[in-house]
Amino acid sequence: MRLTRYFLPTLKDTPREAEIVSHRLMLRAGMIQQASAGIYSWLPLGFTVMKKIEQIVREEQNRAGWNEVLMPTIQSADFWKESGRYDDYGKEMLRIKDRHDRDMLYGPTNEELITDIFRTHVRSYKELPGRLYHIQWKFRDEVRPRFGVMRGREFLMKDAYSFDIDFESARRSYNRQFVAYLRTFDRMGLKAIPMAADSGPIGGDLSHEFIILADTGESEVFCHRDWLTTDAVPATIDYEGDLQPIVDACTARYAATDEKHDPATCPVAAEDLVNTRGIEVGHIFFFGTKYSKPLGAKIALPDGTEDFVQMGSYGVGVSRLVAGIIEASHDDNGIIWPEAVAPFKVGIVNLKVGDAACDAAAESLYDGFTTAGVEVLLDDTDNRAGAKLANMDLIGLPWQVVVGPRGIATNVVEVKNRKTGEKHEMSPEQALSKLTA
RNA sequence: CGGAGCGUAGCGCAGCCUGGUAGCGCACCACACUGGGGGUGUGGGGGUCGUGGGUUCGAAUCCCGCCGCUCCGACCA
């Protein structure tokens, strides 16, 4: 992509409304534009990153054995009346009426719809486990949206659901998601810690929030010091095998949200306990027959009797992750994208557009990267050098290749690693082979 | 939903207290000089001062209503 043809409205000044760093940087880097309170338009750079995150989530859900579907954003209130939640949900649910005066709503979540899909088509235990997910926009009319897309009213979320014959089987579904989440966040360059979370009225230990540590996080969390230095993600995973040892190993190391943490019973010595803040990027839990019962989702058992199906649900805040990754990865100059979610891998800066040698070298590099299938952004604008370099740091592409008249005279460009700040001079050919390897 | 604050050019702000017909920086346009970390000069363009009403000879400024947005708290992916 050439910057002269790319819609990237970066800002030098920080818009006043933005308080936390990810919100500031997303606005400054031209990723989003606020449409109204808690509702945002996604501009090209932000949209690209969000799609990359979405794709990683999708790949890992598929790998874990879930089938992707797509349920609508607008739902009939009928299902919610059936589950009893139409009255319970309160003002967070956006209620609307269609032209026939029917009660509709913009879905804040999808248990009702997914359960309806399941009950319509699945009659026998032989078809279990049922494993479906979708990635769809949600709307929750938060009293107080804040922090940009971190707590928007409209947000993109992956929600997966499982249907099992009994608790042991449900636990296996749960473990698959647990492990899939470890992989998902790890691929995005995040250390997401699974923390024991409030499991609500169902009880039991099958509820974990996946939290990335950040000072600006909304949740207060407690974890063992070892979490700060260890990596919990196994290199290879056999989803058909027994995942319990992996989950056990992970949950053996203490980590809990404040609602679950109790100093009186905490097994970790005070000097080993870290009390910090975090951002919830995922939440998995088992809720048994909470929805299958009111909605009548029953299956035939081997002995010919019927029973309600055991359900779990598993959410990842896709749009929130865009902000979460920035919170976890930035410096004073701007964003530092982990390569897996970077909008472009390489940014070429032509310091002197119009200079024949610089233009030729920059174009040649651009063609080389493009041909090699490396996503590249070429700054071919005629801004000043300082502005271009500052802008490139701001948008945080992992690698910068700086082409200037001084270096190109001796066939040298500068390759900079955005994260470490390391700069190395080399020929354009070497830069190409280094970054396409 | 309690508390606080803010709406003046695309962005950041001043002007308001003490009413007299709107200004600064950045950005934008033109030209010149410049050119390796957000340049310099000259000349331009752009604003029903959130909105409705009131007071007044006169309202961005004073008064009342409404709308929007943000922050702190309680609640949530």
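Letters go in sequence order (proteins before strands), and every chain restarts at 1. Here the structure is a predicted model, which means the values were calculated and not measured. Below, all heavy atoms of this structure are taken into account, side chains as well, without hydrogens, waters or symmetry copies.
- Listed candidates were B/G36, B/C1, B/G73. Nearest to the side chain of A/V143 is B/C1.
- For A/A390, counting side-chain heavy atoms from C-beta on, the closest listed nucleotide (B/A77, B/G38, B/C72) is B/G38.
- Residue A/N383 contributes atom CG, which lies 11 Å from atom C1' of B/A27 at whole-angstrom precision.
- Each of A/I39, A/L105, A/T73 was checked for a side-chain contact (heavy atoms from CB on, under 4.5 Å) with A/F139, and the lone residue meeting it is A/I39.
- The partner of B/U21, taking Watson-Crick or G-U wobble pairs whose two distances both stay under 3.5 Å, does not exist in any strand shown.
- Using N1 to N3 plus N6-O4 or O6-N4 for Watson-Crick, or N1-O2 and O6-N3 for G-U wobble, each under 3.5 Å, B/C31 pairs with B/G41.
- Look at CZ on A/F155: it is 5 Å from C1' on B/A77, rounded to the nearest Å.
- Among the nucleotides B/A77, B/G38, B/A74, the one closest to any side-chain atom of A/R144 is B/A74.
- Taking atom CG on A/L190 and atom C1' on B/A77, their separation rounds to 15 Å, with Å as the unit.
- Going from atom NZ of A/K12 over to atom C1' of B/A27 covers 8 Å, rounded to whole Å.
- Panel note: side chain A/R58, backbone A/I53; no donor-acceptor pair is recorded below 3.5 Å.
- One can place CZ of A/R384 at 9 Å from C1' of B/U40, the figure rounded to the nearest angstrom.
- Residue pairs meeting the salt bridge (Lys or Arg N to Asp or Glu O under 4.0 Å) criterion with at least one partner in residues 324-353 of chain A, sequence neighbours excluded, are A/D331-A/R418, A/E339-A/K345.
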